[in-house]
Amino acid sequence: PAPRAEPREDTKTKVRAPAHGTPLLLLFGSNSGASEAFARRIASDGSARGYATHVAPLDDHAGKLPREGAVAIITASYNGQPPDNARQFCTWLDGLPEGALSGVRYAVFGCGNRDWAATYQNVPRRVDEQLARAGATVLLPRGEGDARADFFGDFEQWYAPFWGTLGEALGVAPQEIDMSPLYEVEAVPSG
Ligand code: FMN
């Protein structure tokens with residue numbers, strides 16, 4: 001039989017973070033992909049920090065939100081209405097009685113555009129308000145991205161305290177996070 005490759009003791013490779021495996025669900029409502037891209041960015045950062053991440057459209061979770069870990073929702077609005085893959089979720093959420101989502105921890109970021117002035121951020125605002133009404137606990141104030149202005153800057157501003165706030169709320173110790181590079185570069189003198 002072929003010999004099995006064992007990692008060498010002296011290999012300098014670093015693990016990125018111990019996988020504590022705290023669940024983090026990233027849900028998006030997205031027609032043209034911006035909200036989905038932000039959700040995937042958070043998921044990828046979360047995996048590197050040891051979270052067990054899962055990305056899905058909002059409609060996959062109509063009727064079910066987890067009480068373990070946290071859920072971050074990134075959604076757009078279209079003429080004030082939900083994106084195609086968020087309609088069932090929004091209808092379900094609107095019909096929930098008070099207290100139905102107690103124990104759920106969440107954060108919302110909205111992708112919008114002020115060209116639609118009368119309905120700017122309608123859906124993320126509605127999702128945030130309805131989650132709170134149903135008894136879920138907000139982790140971060142809702143963020144607003146304006147695609148007509150500084151869309152990515154708006155996201156970064158909302159996102160800056162994300163991991164610190166999440167870690168505190170979920171009991172993930174900051175020292176468990178090792179974001180050091182996977183490889184070290186050593187200078188070799190020439191000549
Ligand atoms: N943004 C809002 O804030 N409110 C709206 O009512 C709204 N209506 C829109 C209608 C159309 C036809 C289009 C093309 C965009 C609209 N937008 C509105 C802007 C989008 O929500 C914004 O571009 C968002 O980033 C799209 O996200 P997505 O790529 O995840 O679908």
Side-chain angles (χ1 to χ4, degrees), residues 22-49 51-96 101 104-166 169-170:
T22 307
L24 176 61
L25 179 62
L26 292 313
L27 296 179
F28 59 87
S30 192
N31 280 7
S32 61
S35 307
E36 178 173 357
F38 284 131
R40 294 199 182 279
R41 150 94 186 273
I42 299 173
S44 144
D45 293 348
S47 302
R49 289 167 180 266
Y51 285 83
T53 62
H54 180 68
V55 185
L58 277 158
D59 279 355
D60 279 12
H61 281 263
K64 45 176 194 249
L65 284 179
R67 287 188 165 75
E68 275 173 28
V71 54
I73 295 177
I74 322 293
T75 184
S77 314
Y78 284 87
N79 297 315
Q81 297 303 309
D84 295 341
N85 55 15
R87 285 188 194 151
Q88 292 165 39
F89 179 89
C90 288
T91 305
W92 166 71
L93 188 59
D94 288 347
L96 284 179
L101 295 181
V104 172
R105 285 167 286 211
Y106 77 95
V108 175
F109 183 82
C111 293
N113 186 321
R114 279 204 164 83
D115 283 345
W116 284 267
T119 52
Y120 180 61
Q121 299 286 337
N122 262 27
V123 172
R125 185 183 305 107
R126 169 179 162 194
V127 166
D128 181 36
E129 285 172 0
Q130 293 290 52
L131 285 168
R133 189 192 55 79
T137 304
V138 66
L139 295 174
L140 285 176
R142 178 173 56 85
E144 296 188 350
D146 180 3
R148 198 180 75 176
D150 187 15
F151 197 42
F152 295 98
D154 292 338
F155 176 80
E156 295 304 336
Q157 210 180 335
W158 173 78
Y159 190 47
F162 187 89
W163 297 111
T165 307
L166 202 70
L170 304 179

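None of these values were measured; they are calculated from a predicted model. Numbering of ligands and ligand atoms starts at 1, following listing order.
- In terms of protein heavy atoms, atom 12 (C) of ligand 1 is closest to Trp116 CZ2, 3.9 Å.
- For atom 3 (O) of ligand 1, the closest heavy atom belonging to the protein is Gln121 N, 2.9 Å.
- Asn122 does not count as a contact of ligand 1, since none of its heavy atoms falls under 4.0 Å from the ligand.
- Here the rule is ring pair (Phe, Tyr, Trp, His ring centres under 6.0 Å) with Phe109, and of Phe151, Trp158, Phe152, Phe162 only Trp158 fits it.
- At the top of the distance list for atom 29 (O) of ligand 1, counting protein heavy atoms only, stands Ser32 OG, 2.5 Å.
- Leu93 contributes atom CG, which lies 10.5 Å from atom CD of Glu129 (distance to the nearest 0.5 angstrom).
- Two residues are said to be in side-chain contact when any heavy atoms from C-beta on lie closer than 4.5 Å; Val138 and Tyr106 meet this criterion.
- Here the CZ atom belonging to Arg114 is positioned 5.0 Å from the CG atom belonging to Asp146, to the nearest 0.5 angstrom.
- Atom CD of Glu156 has more than 12 heavy atoms from other residues, nucleotides or ligands within 6.0 Å.
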Q: Would you please test Asp45 and Tyr51 for side-chain hydrogen bond (donor to acceptor under 3.5 Å, both in side chains) and show each step?
A: CA-CA 9 Å; Asp45 293 348; Tyr51 285 83; over 6 Å; no
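- A heavy-atom separation below 4.0 Å is found between Gly80 and ligand 1.
- Scanning the protein for heavy atoms near atom 21 (O) of ligand 1, the closest one is Ser77 O, 2.9 Å.
- Atom 26 (C) of ligand 1 has its closest protein heavy atom at Tyr78 OH, 3.3 Å.
- Numbered from 1 in the order shown, with element, the atoms of ligand 1 that lie under 4.0 Å from a heavy atom of Gly33 read 28 (P), 29 (O), 30 (O).
- Applying the 4.0 Å criterion to heavy atoms of Asn79 picks out, from ligand 1, the atoms 5 (C), 6 (O), 7 (C), 8 (N), 9 (C), 10 (C).
- Rounded to the nearest 0.5 Å, atoms CZ (Arg67) and CG (Leu65) are 8.5 Å apart.
- Neither the backbone nor the side chain of Phe28 has a heavy atom within less than 4.0 Å of ligand 1.
- In this structure, atom 19 (C) of ligand 1 lies nearest to the protein heavy atom Asn113 CB, 3.5 Å.
- For Ser47 (side chain) and Ala43 (main-chain N/O), a donor-acceptor pair under 3.5 Å exists by modelled atom type.
- The shortest N or O to N or O distance between Phe151 and ligand 1 is not below 3.5 Å.
- In this structure, CG in Leu24 is found 13.0 Å from CD in Glu68, a value given to the nearest 0.5 Å.
- Looking only at protein heavy atoms, the nearest one to atom 30 (O) of ligand 1 is Ser30 OG, 2.5 Å.
- Closest to atom 6 (O) of ligand 1 among all protein heavy atoms lies Thr119 OG1, 2.6 Å.
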